[in-house]
Chemist: 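Quick one: structure below, then a few questions.
Remember, predicted model here, so these are calculated numbers, not experimental data.
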Amino acid sequence: MIALAFILSGCMQINGNYRIFSDQTYQSETEILIPMTIINDESYHFENYKDDLIAVFSKADSVVTQKEVTIDDTRYQAITIENKRAASQNEQITITREDDEILFVHDLQIESDYLIEFDAFGLGDDYKQILEAYGFSIIERIQMPGDILSANSGTINGDILTVDIIEDDVTKIIVRSGIYSGISALIVIFLITIVLLASLITIYISYNHKRKKKTHTPDAPLMKVETIEKITQEKKKNDILDTLALEEKEDHRDFPY
């Protein structure tokens, strides 16, 4: 009852992040946001049941950190619970692999049973709508090891599924995905590298060819100049010979006087 009163009046938010691996293991991080107004109000006795709240989402080797954050002008105490990579087969989470696909199943009923004892307040079947109206939210994000093929609820964005557990009214999340192939990515990177190298080599050869062509281009005018000078010299030489020959002819002409 204390926990529910705290939830209804405090607008608590829970964000769960799960990363699933192809070897059927996973790691998780849960962030619980509690308004500082609740924590600072002694009538809620928050410190008395904080450990119980953390225990719902943590394991023996979990790392728990706490800090103050501000979101939309509201100050919260953020409790972050990081769970290390672990095997999947337990009462809440099951991960199975079939060929190149991964199936992830998260049973949320255990958390629901612990967090809220609704009959004490007579909320009936509408308890989730009432919680949502008070601002209580549970968002779960699941990153699969490949693009998501199908899911029973939530919004799919590539390999990430986002589920609003209160709004979608779900007690079990089921999602199937492919498996990302690191080898395929390496092949693509290798091919791109080869293409880039080939392009650079082609550009280099083309540049050197143009440069050599520009270097030899002035030879042609030089040859023309040398030819013109040679022709001019020969012409001058021939002109002198012709003049001498003419003078010789003039010396042997018979004049009338």
Side-chain angles (χ1 to χ4, degrees), residues 3 7 12-33 51-65 78-118 125 127-128 131-132 136-190:
I7 289 170
M12 185 172 73
Q13 300 177 31
I14 300 176
N15 299 311
N17 299 301
Y18 292 83
R19 185 176 180 183
I20 316 304
F21 300 94
S22 58
D23 62 354
Q24 296 175 252
T25 61
Y26 76 99
Q27 65 186 59
S28 65
E29 178 186 276
T30 303
E31 181 185 54
I32 305 171
L33 298 175
D51 292 341
D52 292 335
L53 183 64
I54 292 174
V56 179
F57 305 98
S58 62
K59 301 176 182 179
D61 60 350
S62 298
V63 177
V64 180
T65 57
I79 302 174
T80 303
I81 305 162
E82 297 181 42
N83 293 318
K84 297 180 180 179
R85 190 165 174 172
S88 64
Q89 304 301 330
N90 56 55
E91 58 185 354
Q92 292 176 279
I93 293 176
T94 304
I95 304 173
T96 55
R97 176 169 178 170
E98 298 178 2
D99 298 327
D100 293 330
E101 293 184 1
I102 289 286
L103 179 66
F104 172 80
V105 179
H106 187 187
D107 188 349
L108 304 168
Q109 193 61 47
I110 295 174
E111 288 97 332
S112 297
D113 291 344
Y114 180 87
L115 284 175
I116 304 171
E117 187 65 42
F118 301 104
D125 295 335
Y127 70 88
K128 288 189 177 181
L131 290 176
E132 186 177 6
F136 175 59
S137 68
I138 304 178
I139 304 295
E140 185 162 312
R141 296 178 183 87
I142 303 165
Q143 183 175 14
M144 298 295 287
D147 287 343
I148 295 173
L149 305 175
S150 62
N152 68 327
S153 61
T155 303
I156 298 172
N157 183 13
D159 61 348
I160 297 177
L161 175 70
T162 302
V163 182
D164 188 326
I165 294 172
I166 298 296
E167 182 178 342
D168 293 350
D169 193 12
V170 293
T171 57
K172 183 177 289 186
I173 298 175
I174 303 171
V175 54
R176 182 184 298 273
S177 81
I179 296 174
Y180 171 75
S181 175
I183 296 176
S184 300
L186 288 175
I187 292 173
V188 171
I189 293 172
F190 176 75

Chemist: Quick check: do Ile81 and Ile32 have side-chain heavy atoms less than 4.5 Å from each other?
Modeler: yes

Chemist: Indicate yes or no for a side-chain donor-acceptor contact from Glu29 to the backbone of Asn17 under 3.5 Å, with no hydrogens or angles considered.
Modeler: no

Chemist: CG/Asn157 to CG/Asp147 distance, rounded to the nearest 0.5 angstrom?
Modeler: 9.5 Å

Chemist: Roughly how far, to the nearest 0.5 Å, is the CG atom of Asn15 from the OG1 atom of Thr30?
Modeler: 9.0 Å

Chemist: Just so I know, are the side chains of Pro145 and Phe21 near enough to count as touching, which here means a heavy-atom distance under 4.5 Å?
Modeler: no

Chemist: When you measure from the side chain of Arg97 to the backbone of Asp23, do you find a donor-acceptor pair of N or O atoms at a distance under 3.5 Å?
Modeler: no

Chemist: For a 4.5 angstrom cut-off between non-hydrogen side-chain atoms, does Leu161 reach Met144?
Modeler: no

Chemist: Would the number of heavy atoms belonging to other residues, nucleotides or ligands and lying under 6.0 Å from NZ of Lys59 be above 12?
Modeler: yes

Chemist: For a quick test of reading the model, state the closest non-hydrogen atom pair linking Phe57 to Asn83 and the distance between them.
Modeler: O-ND2, 3.1 Å

Chemist: Taking atom CD1 of Ile20 and atom CD1 of Ile179, what is their separation to the nearest 0.5 Å?
Modeler: 12.5 Å

Chemist: What is the distance from atom CD1 of Ile160 to atom CD1 of Ile142, rounded to the nearest 0.5 Å?
Modeler: 11.0 Å

Chemist: So, taking the atom named CD1 in Ile165 and the one named CD1 in Ile14, what distance separates them when rounded to the nearest 0.5 Å?
Modeler: 8.5 Å

Chemist: Write down the atom of Glu98, the atom of Arg176, and the distance for their closest heavy-atom approach.
Modeler: OE1-NH1, 4.1 Å

Chemist: Report yes if some heavy atom in the side chain of Val170 is under 4.5 Å from a heavy atom in the side chain of Glu140; otherwise report no.
Modeler: no

Chemist: Has Asp168 got a side-chain atom pairing as donor or acceptor with Val163's backbone, closer than 3.5 angstrom?
Modeler: no

Chemist: Would you call Asp159 and Tyr180 a side-chain contact if the rule is heavy atoms closer than 4.5 Å?
Modeler: no

Chemist: Once rounded to the nearest 0.5 Å, what's the spacing between atom NZ of Lys172 and atom NE2 of His106?
Modeler: 11.0 Å

